[in-house]
J.: 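Pasting a structure here, questions to come.
These numbers come from the heavy atoms of this one structure, side chains and all, not from hydrogens, waters or symmetry mates. Protein chains get the first letters and strands the later ones, always in sequence-line order, with residue 1 at the start of each.
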There are 2 protein chains.
Amino acid sequence: MATKTAAQRREEAKLEYDAFMAGCPSRQLLDRISDKWVGLVLAAMADRPRRYGELSKEVAGVSPKMLTQTLRSLERDGLVARYVTAEVPVRVDYELTDLGHSLMPLMRAIKSWAEAHMDDVHVARSEYDRTTASA
Amino acid sequence: MATKTAAQRREEAKLEYDAFMAGCPSRQLLDRISDKWVGLVLAAMADRPRRYGELSKEVAGVSPKMLTQTLRSLERDGLVARYVTAEVPVRVDYELTDLGHSLMPLMRAIKSWAEAHMDDVHVARSEYDRTTASA
DNA sequence: CCGTATCCACAATGATACTG
DNA sequence: CAGTATCATTGTGGATACGG
């Protein structure tokens with residue numbers, strides 16, 4: 001039996017990692033809510049349903065591609081519901097589901113921690129940058 | 001005065017977006033904690049300080065480049081402290097700061113929501129995929 | 001009006017060899 | 001032991017023209 005190559009060892013390690021984390025629900029949740037546009041989209045329809053065009057304006061700077069992609073993944077995860085009304089032209093509304101609403105306290109918790117501690121973080125950064133300054 | 005081009009309008013929109021979100025602390029916090037390795041690294045030293053080599057093994061699959069990069073950003077943000085002991089060979093320990101520890105309840109909250117609701121998410125995904133199935 | 005299709009740019013991640 | 005330097009690769013997001 002030949003000695004394992006670095007690549008092989010790394011592959012095994014990777015499997016362990018996957019076994020430990022890939023299945024961890026917190027990882028998937030973080031990946032979802034930390035998406036660049038998710039927070040803005042959810043916030044935009046927190047209080048009432050919104051049409052696609054409304055979201056497009058309210059979430060300023062988002063391209064149609066990203067807006068649709070964001071809405072689709074939120075819909076797939078059951079956080080947002082999509083309603084199509086067959087008018088001419090067609091009308092589409094999006095709104096938070098109960099599951100989507102249940103996520104809001106968590107978002108608020110994140111906001112709270114950040115508001116309470118981001119000053120410390122910024123001070124730490126300044127100190128680190130000052131101390132580490134090279135030239 | 002010429003009509004604004006699409007690019008110009010988009011640029012203005014982008015600035016509005018930046019003004020609204022770039023300064024939002026929750027955005028920065030999410031970006032930090034949702035990093036691929038941050039969760040694992042923080043978890044690895046949650047109960048006691050760890051040496052670089054220990055982290056390298058415990059956080060299986062991480063390359064030295066990413067481990068160092070992760071540790072540096074956590075150190076810069078004041079979530080982790082780095083201690084160098086001048087032995088031969090050199091010894092370096094990392095541990096959570098008070099600020100780092102204060103983040104743990106939030107991580108647990110995320111984990112809790114995920115554990116409580118990821119089943120719903122998975123059901124929603126299955127339903128969505130089933131309904132949307134094309135070929 | 002509500003998206004989809006396409007192409008492009010760039011940042012993020014990874015493997016790995018090498019240095020203090 | 002504890003990283004750093006380099007190169008290759010991939011994923012992610014953006015602009016925009018066009019279709020239902």
Side-chain angles (χ1 to χ4, degrees), chain A residues 4-15 17-18 21-22 31-32 34-41 49-75 80 82-94 132 134, chain B residues 4-15 17-18 21 27 31-32 34-41 44-45 49-75 80 82-94 132 134:
Chain A
K4 289 169 185 170
T5 65
Q8 283 175 324
R9 269 182 279 108
R10 211 167 265 287
E11 186 53 32
E12 286 183 12
K14 183 164 188 162
L15 288 176
Y17 158 74
D18 282 343
M21 271 302 277
D31 284 344
R32 170 64 63 238
S34 68
D35 177 271
K36 183 172 182 182
W37 300 109
V38 163
L40 286 168
V41 169
R50 296 284 184 173
R51 299 185 60 171
Y52 183 90
E54 289 180 301
L55 291 172
S56 188
K57 285 187 173 186
E58 187 137 345
V59 182
V62 68
S63 66
K65 173 186 173 180
M66 292 315 296
L67 180 55
T68 297
Q69 182 175 308
T70 301
L71 289 169
R72 287 291 175 282
S73 65
L74 290 173
E75 188 192 356
V80 161
R82 178 175 182 268
Y83 299 105
V84 179
T85 309
E87 303 173 342
V88 279
V90 64
R91 174 197 180 101
V92 182
D93 291 88
Y94 293 90
T132 311
S134 46
Chain B
K4 290 170 186 171
T5 65
Q8 283 175 324
R9 270 181 279 108
R10 211 168 267 289
E11 185 55 31
E12 286 181 13
K14 183 164 186 163
L15 288 176
Y17 158 74
D18 283 344
M21 272 303 277
R27 176 76 255 158
D31 284 344
R32 170 66 61 237
S34 67
D35 177 90
K36 183 173 183 181
W37 300 109
V38 163
L40 287 168
V41 169
M45 44 187 181
R50 296 284 183 172
R51 298 185 58 172
Y52 184 90
E54 289 180 300
L55 292 172
S56 187
K57 285 187 173 183
E58 187 136 344
V59 182
V62 68
S63 67
K65 174 184 173 179
M66 291 314 296
L67 180 55
T68 297
Q69 184 174 306
T70 301
L71 289 168
R72 288 290 177 280
S73 65
L74 290 173
E75 189 193 355
V80 161
R82 179 175 181 268
Y83 299 105
V84 180
T85 310
E87 304 173 340
V88 279
V90 65
R91 173 196 180 102
V92 181
D93 290 88
Y94 292 90
T132 311
S134 46

J.: Which distance, rounded to the nearest 0.5 Å, do you find between the CZ of A:Arg82 and the OH of A:Tyr94?
T.: 4.5 Å

J.: Could you check how far CG of A:Leu67 sits from C1' of C:dC1, rounded to whole Å?
T.: 13 Å

J.: Quick check: closest heavy atoms across B:Arg51 and B:Val90, and the distance to 0.1 Å?
T.: NH2-O, 4.0 Å

J.: Testing the basics here: between B:Arg27 and A:Ser34, what is the closest heavy-atom pair and its distance to 0.1 Å?
T.: NH2-O, 2.6 Å

J.: Calculate the interatomic distance between B:Asp35 atom CG and C:dA11 atom P; express it in whole Å.
T.: 17 Å

J.: Looking at the side chain of B:Ser63, which of C:dA15, D:dA2, C:dC1 is the nearest nucleotide?
T.: C:dA15

J.: Between B:Arg72 and D:dG3, is there a side-chain N or O to OP1/OP2 distance below 4.0 Å?
T.: yes

J.: Give a yes/no on whether any side-chain N or O of A:Tyr94 is located under 4.0 angstrom from OP1 or OP2 of C:dG3.
T.: yes

J.: Please state how far atom NZ in A:Lys57 lies from atom C1' in C:dC2, giving the value in whole angstrom units.
T.: 15 Å

J.: Can you see if the side chain of A:Lys36 gets near the phosphate of D:dG14 - specifically, an N or O under 4.0 Å from OP1 or OP2?
T.: yes

J.: Using modelled atom types and a 3.5 Å cut-off, is there a donor and acceptor pairing between side-chain atoms of A:Tyr83 and backbone atoms of A:Pro49?
T.: no

J.: Would you say B:Arg82 reaches D:dG3's phosphate, i.e. side-chain N/O to OP1/OP2 under 4.0 Å?
T.: yes

J.: Return the value, rounded to whole Å, for the distance between atom CG of B:Leu55 and atom P of D:dA2.
T.: 9 Å

J.: Can you measure B:Leu71 atom CG to D:dT4 atom C1' for me and round it to whole angstrom units?
T.: 14 Å

J.: Counting side-chain heavy atoms from CB outward, which of C:dG3, C:dC1, D:dA15 is closest to A:Thr68?
T.: C:dG3

J.: Starting at atom CE of A:Met66, determine the distance to atom C1' of C:dA5, rounded to an integer number of angstrom.
T.: 15 Å

J.: Measure from CD on A:Glu75 to C1' on C:dG3 and round the result to the nearest Å.
T.: 13 Å

J.: Could you tell me whether the phosphate oxygens of C:dA12, OP1 or OP2, come under 4.0 Å of any side-chain nitrogen or oxygen in B:Trp37?
T.: no

J.: Does C:dC2 have its OP1 or OP2 closer than 4.0 Å to a side-chain nitrogen or oxygen of A:Ser56?
T.: no

J.: For B:Lys65 and for B:Val92, locate the closest nucleotide of DNA chain D by heavy-atom distance; then report the residue assigned to the nucleotide nearer the 5' terminus.
T.: B:Val92

J.: Closer than 3.5 angstrom, by distance alone: can the side chain of A:Ser73 be matched with the main-chain N or O of A:Thr70 as a donor-acceptor pair?
T.: yes

J.: Both A:Gln69 and B:Val90 contact DNA chain C. Which one's nearest nucleotide lies toward the 5' end?
T.: A:Gln69

J.: Given D:dA2, is OP1 or OP2 found less than 4.0 Å from the side-chain N or O atoms of B:Arg51?
T.: yes

